[in-house]
Colleague: 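Pasting a structure here, questions to come.
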Amino acid sequence: MSDTLPESDTQELATVYVPSEAEHLVTERWAESGAFHAEPSGSADTPTYSVVIPPPNVTAALHLGHALNNTLQDVLVRFHRMNGHNTLWMPGTDHAGIATQTVVEKRLLQEGTKRLEMGRDAFIEKTQEWKDEYEATILGQLSEMGASCDYERTRFTMDDMCATAVRHAFYTLFEDGLIYRGKRLVNWDPVTGTALADDEVEMEEVQGHMWYLRYPLEDGSGHVTVATTRPETMLGDTAVAINPNDPRAADLAGKNVVLPIVGRVIPILEDDYVVLPDPDSSDTKAQMSSGCLKVTPAHDPNDWDIGLRHDLDVINVMAADASISDQYGWDDVSNDARAFVGLGRYEAREAIVAWFDENGLLEKVVDYSHSVGHSYRSHVPIEPWLSDQWYVKASDDRFAGSALRAQNPDQVTGLAAQHTAGDANGDGELTFVPERYAKTFQQWHEGIRDWCISRQLWWGHQIPVWSAAVVDTSGRHPQPAIAEALASVESGTAVKIDSKWSNAGAIHVVRQVTDTEFVESICVPGDSTLRRLDRSDTSMDEAAIVAALEAEGFKRDPDVLDTWFSSALWPMSTMGWPYPEDFPETTGDGSDLLSTFNPTSLLSTAREIITLWVSRMVMFNRYFMDGQLPFTDVFIHAMVQDGHGQKMSKSLGNGVDPRDIIYSHGADAMRFTLVQMTTDTQDVKMPVDMVCPHTNTPFTPEFITTKAGHLVAAPTQTSPEDPSKTMVSAYGVAVGEVAPTNDVPLARNTSAKFDAGRNFSNKVWNAVRFAIGRLDSETVEAGPIDISSARFVDQWIVARLAATIDKLEAAIATYQFNVYADTLYDFIWRDLCDRYLEVVKPTIDDDPTQQAVLAAVFDASLRIMAPVCPFITETLWPYVSDARGGEIIGLELPASDLLATAAWPVAADSIANPNVIIDFDRAYALITEIRTLRASQNVKPKQRITLNGPAEVLALIAATGGTVETLAGLGEVADDSEGAPPVSSAVAFEGAQVFLSGLTDEVDIDAEKARLEDVIAQKTKQIGGFRGKLSNDGYVNGAPPHLVQETRDMLAAAEADLAAAEASLERLA
RNA sequence: GGGCGUUUAGCUCAGUUGGCUAGAGCAUCUCGUUUACACCGAGAGGGUCGGGGGUUCAAGUCCCUCAACGCCCA
């Protein structure tokens, strides 16, 4: 019995459940109990269930999308905890490199300073403060929503444990030749000076132009016309391409053109990438095409590919800020061209177009709307730019191939032979729910590109590589072997060499950068790795190696790793990989977290990061852990959209803080509604209202359309009840347009969607109030109860409970969350409250056995509801536990102080009596008929009426022990041997006439006739349908016999009902 | 351009391999304040399942096609 809650007493429970009064008490009890803490298990006998949280970015507070995902995980985790699994839910946060750095830089600007002014160390310190603030907020939110994470194990992607893993992973991949450096086209953000991953580029439709430029043929026989949306890049053209199927190709291919302005002579070549011109095509590209494509390998990814195919020169004509420059590989600058050097990209565009116009080489300009990649941070168009970056060789079979082989064979089609699952550890075990996302995963890996992992940021894991230019390959620190080593490989390929650095445990490579430039790089592992290496020189630790390197002029790479590099290690790094013994908190019982809980049971996430995150965790976990998967099941949940069908997102500013919903509806209500709306469709619309902070009333805000065309709440809103008062919206604050003040406060959000969950909580609350008020611990039956000798309705509710438990277990096993919520709702509200409690009211006070059944059913109900609504159930748990009487034989409900760690109920087949359920359903159909009749004649609920019916109906009423009498308000039940009572109405039930009398003093004959005529019309229509079916030979012969028989039965029943109704009508005439 | 999805009652959504008279919550209307709950109870109205075509004894469900909307990838 709890000592933090009062002894059970119905007086203690208010008539309305107030979540804010209950939730924090429950949270404290959970925290004190250590119920969510998991320890490694040395025994293989205990089943485990583990989940790593998708670590939220520390950029901002969580929104409803997070609430959804974390609620689903919590439901699963709580369910499995109750089912006796050793359960670990690992919480944590992600440093989110670019995103966090950007928000911190924004704040710095507001404070009047800049990142570059304060320097790297100070900036990182500042960012760390931001991280601490939001990490605390996020963990607080998780706790408030009831997430049963093991908070003692909270990790952060940049903490020591994770950093150790990152360092070891980088070292290992470097050693294995899976990390390389190369000049590649990257998505360059010229404003932030950062290379972006493909997924960080947002495509936006832009109203631009297509310029048609003439390039003269070298032989003077005319010109070709190229079409381009980016004329400024022509300075770097190194070819013109034409489709081999173009009729002009035979004549033009092999000739040269003289590149205007620059004077460079470049070839015309054939490549079928070029779109054939077709003015009648529905494809705008074909409409706009001139048939000739200018090829600029340094400034366009497609041109880069063409350049590779045809071995073209790569001439970079831009600087890092996207201005025209001759410092990055452009060395044939003509006198005419010199005028353009130094211009910004858009100035250069204008100037070049003007030059072509003045020189008669501008054929035409056409308006053209096309999509352009924009930086998701600075929102300017990105520039494909040639730059040095680090890559992970994701295309290697050890990564992409391994990911494909991991897929459940039932979920993939058309896999290449080398990618089909074999017998290797982890092969074929990765299963997606819903299944369709397996295809997304497959297609991504079939076309995967190497992964650019370097980012020009300060916030993140700095790349552990120190480099220096080799001044003279024959002298200084490297051995003469360098020249020899490099002579045998392709330019740019790194070659490992032996040196004092490699003797000390580092990896030493050299590579040729240009004809005359060489670079040597040293990857230094962390101490935990270094200690375990078999190295000839053990005199230096990491710090000593770094000091020695820097003393010799080596400089550490200033870039940091892509955020996803550390996220990719999350299921390993949070559990102490690679050396759990270095982190004693991850070990115990002769085992450690990694061996106990990896692979995890499930990853629940949004579909948008299947490629960014899921893929990379699979590749890394398998590579580093001998083929083992990071998780076996991947559940992709629906996306929460706002009321206008727009995705809720930070950048849009339409996200809803779960704390707002907890404030207006309570955590359980939020959770229940989120679970209930989780179907396997893609999106869920959530119309969002605001709560006026002045009057505390919800209202629909005024919406505005943003420049980008999104519908959002206007930054400032007027109080609907007091127009003199105003408030600011979450959107207004999120985009920085307004800030809350005392007079103009921030309005919380809410949504009527959550009313369903709140009402459900309140229903349960009051049902328990009723129950414990009727239970008397002095009289309740204390011994074991054989349910088959209990009252009919007690047998029925226990049978329904058993069926419900089965259905809930199946829903969890198949991740059908909405089924779980709906099943709970139906059982508790419909069966337990509307039916069972109403039926027992006349008998419960004097029936000790019924009291024990009632208590047991409530006990079990709290248990099955706990995974979804943990707060209210935990709050009610002591009251219900106290009220318990004897056990029901066949229903296991072992006592527990805490509901969170109580056992899931186990029901034996013996109590799942299907015949009782069938009889109840029949009786309920009769009840509904009677109630409908009562309602149509406005009979008062208290009015007891008399039923006269045939023996079969009376038998049913008797068999269901008071159910019909109580729920239909019957005062007297008698046979119909005397015929219809003089003042009565008749309903048709199972083909019989059932007479009801005592409804009113006088039956309204006309109304009664109208009602019967409605019944007759309805039955006649049904009969027509059934007869139609049965007169169809195809149906009678083709359909399964049991269906045909069912139709015959239904026809007979409808005909009998029709006859009964007609007889009743006749009687009135 | 490729892929995935959505379109069912006024609103938000269910509807498992094709098979009872297509369901729920909210909203609406009628009645009811019965000592658990008005965040309640009883009842009612409301849908040619986006349009068109096809397969089948039978289609919301399978196939084709058109339209609108959304997401991912290029």
Colleague: What distance, rounded to whole Å, do you find between the two P atoms, one in B:rC71 and one in B:rC39?
Modeller: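 The same atom, P, in both gives a distance of 38 Å.
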
Colleague: How about A:K1019: does its NZ atom have over 12 heavy atoms from other parts shown lying under 6.0 Å from it?
Modeller: yes

Colleague: For A:I448 and B:rG3, give me the distance from atom CD1 to atom C1', rounded to whole Å.
Modeller: 17 Å

Colleague: Within the 4.0 Å limit for protein heavy atoms, which parts of nucleotides 40-47 of chain B are touched? Write it as a string from 5' to 3', B for base, S for sugar-phosphate only, - for none.
Modeller: SSSSS---

Colleague: Please check: side-chain N/O of A:D689 versus main-chain N/O of A:T750, any donor-acceptor pairing under 3.5 Å?
Modeller: no

Colleague: Just how far is it from atom NZ of A:K1029 to atom OG1 of A:T1047, taken to the nearest 0.5 Å?
Modeller: 4.5 Å

Colleague: Which value, rounded to the nearest 0.5 Å, describes the distance between A:T804 atom OG1 and A:Y820 atom OH?
Modeller: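 Result: 10.5 Å between the selected atoms.
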
Colleague: Rounded to the nearest 0.5 Å, what separation is found between the OG1 atom of A:T963 and the CD atom of A:E838?
Modeller: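 Those atoms lie 12.0 Å apart.
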
Colleague: Nearest whole angstrom, please: distance from the C1' of B:rA38 to the CG of A:D755.
Modeller: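 From A:D755 CG to B:rA38 C1': 14 Å.
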
Colleague: Grab the two heavy atoms, one from A:I662 and one from A:E23, that are nearest each other, plus how far apart they are.
Modeller: CG2-OE1, 3.6 Å

Colleague: Are the ring centres of A:F858 and A:F770 closer than 6.0 Å?
Modeller: no

Colleague: Which protein N or O atoms sit under 3.5 Å from an N or O of nucleotides 12-16 of chain B?
Modeller:
| from | atom 1 | to | atom 2 | distance (Å) |
| --- | --- | --- | --- | --- |
| B:rU12 | O2' | A:K753 | NZ | 2.2 |
| B:rC13 | OP1 | A:K685 | N | 2.5 |
| B:rA14 | OP1 | A:T679 | OG1 | 2.4 |
| B:rA14 | OP1 | A:T681 | OG1 | 2.7 |

Colleague: Could you spell out the base pairing of RNA chain B in dot-bracket, with Watson-Crick or G-U pairs whose two distances are under 3.5 Å, [ ] crossing and | to another strand?
Modeller: (((((((..((((.....[...)))).(((((.......))))).....(((((..]....)))))))))))).

Colleague: Please state whether the phosphate of B:rC4, meaning OP1 or OP2, lies under 4.0 angstrom from any side-chain nitrogen or oxygen of A:K439.
Modeller: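 Indeed, a polar side-chain atom of A:K439 lies that close.
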
Colleague: Using a 4.0 Å cut-off on protein heavy atoms (strictly under), produce a 5'-to-3' string for nucleotides 55-62 of chain B with B for base contact, S for backbone-only sugar-phosphate contact, and - for none.
Modeller: --B-----

Colleague: What's the CZ-C1' distance between A:R835 and B:rA36, to the nearest Å?
Modeller: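 Those two atoms, CZ and C1', are 18 Å apart.
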
Colleague: Distance check, C1' atoms only: B:rC26 and B:rA9, in whole angstrom units.
Modeller: 12 Å

Colleague: Ignoring the backbone of A:E838, work out which of B:rC39, B:rG25, B:rC37 is nearest its side chain.
Modeller: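 Among B:rC39, B:rG25, B:rC37, the one nearest the side chain of A:E838 is B:rC37.
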
Colleague: Could you tell me the separation between the CZ atom of A:R436 and the C1' atom of B:rC71, rounded to a whole number of Å?
Modeller: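 Whole-Å distance recorded here is 11 Å.
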
Colleague: Output the rounded distance in Å from CG (A:N938) to C1' (B:rG32).
Modeller: 10 Å

Colleague: Restricting to salt bridge (charged side-chain N to carboxylate O under 4.0 Å, His left out), what partner residues turn up for A:D755, sequence neighbours left out?
Modeller: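 For A:D755 the salt bridge (charged side-chain N to carboxylate O under 4.0 Å, His left out) partners, ignoring immediate neighbours, are A:R758.
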
Colleague: Would you say the side-chain atoms of A:E446 and A:Q442 include a donor-acceptor pair closer than 3.5 Å?
Modeller: yes

Colleague: Report the distance from atom CZ of A:R449 to atom P of B:rC73, rounded to the nearest whole Å.
Modeller: 12 Å

Colleague: In whole Å, what separates the P atom of B:rG23 from that of B:rG46?
Modeller: 14 Å

Colleague: Can a side-chain donor-acceptor contact be found between A:T611 and A:W444 if the only test is distance below 3.5 angstrom?
Modeller: no

Colleague: Regarding A:V939, tell me which of base, sugar-phosphate or nothing describes its non-hydrogen contacts under 4.0 Å with the strands shown.
Modeller: nothing

Colleague: When the C1' atoms of B:rG25 and B:rC69 are compared, how many Å lie between them, rounded to an integer?
Modeller: 25 Å

Colleague: Could you measure between the two C1' atoms, the one in B:rG19 and the one in B:rU65, and give it in whole Å?
Modeller: 27 Å

Colleague: Can you tell me how far the CZ atom of A:F703 sits from the NE2 atom of A:H644, to the nearest 0.5 Å?
Modeller: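 It is 3.5 Å, given to the nearest 0.5 Å.
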
Colleague: When the distance from CD1 of A:I844 to C1' of B:rU35 is rounded to whole Å, what number comes out?
Modeller: 16 Å

Colleague: Please identify each residue that fulfils ring-ring contact (aromatic ring centres under 6.0 Å, His included) with A:F760, with sequence neighbours left out.
Modeller: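 Checked A:F760 against ring-ring contact (aromatic ring centres under 6.0 Å, His included); matches are A:F672, A:Y825.
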
Colleague: What contact category does A:R934 fall into here, base, sugar-phosphate, or nothing, at under 4.0 angstrom with non-hydrogen atoms?
Modeller: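 Since no nucleic acid heavy atom lies under 4.0 Å of A:R934, the category is nothing.
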
Colleague: Choose from B:rC39, B:rG25, B:rC72 the nucleotide whose nearest atom is closest to any side-chain atom of A:R758.
Modeller: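 Of the options given, the side chain of A:R758 lies nearest B:rC39.
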
Colleague: Can you tell me how far C1' of B:rC39 sits from CZ of A:F672, to the nearest Å?
Modeller: 14 Å

Colleague: Are A:F817 and A:H637 close enough that their ring centres sit under 6.0 Å apart?
Modeller: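 They do not qualify: ring centres at least 6.0 Å apart.
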
Colleague: Assign each of A:K940 and A:Q443 to its nearest nucleotide of RNA chain B by heavy atoms, then name whichever residue's nucleotide is nearer the 5' end.
Modeller: A:Q443

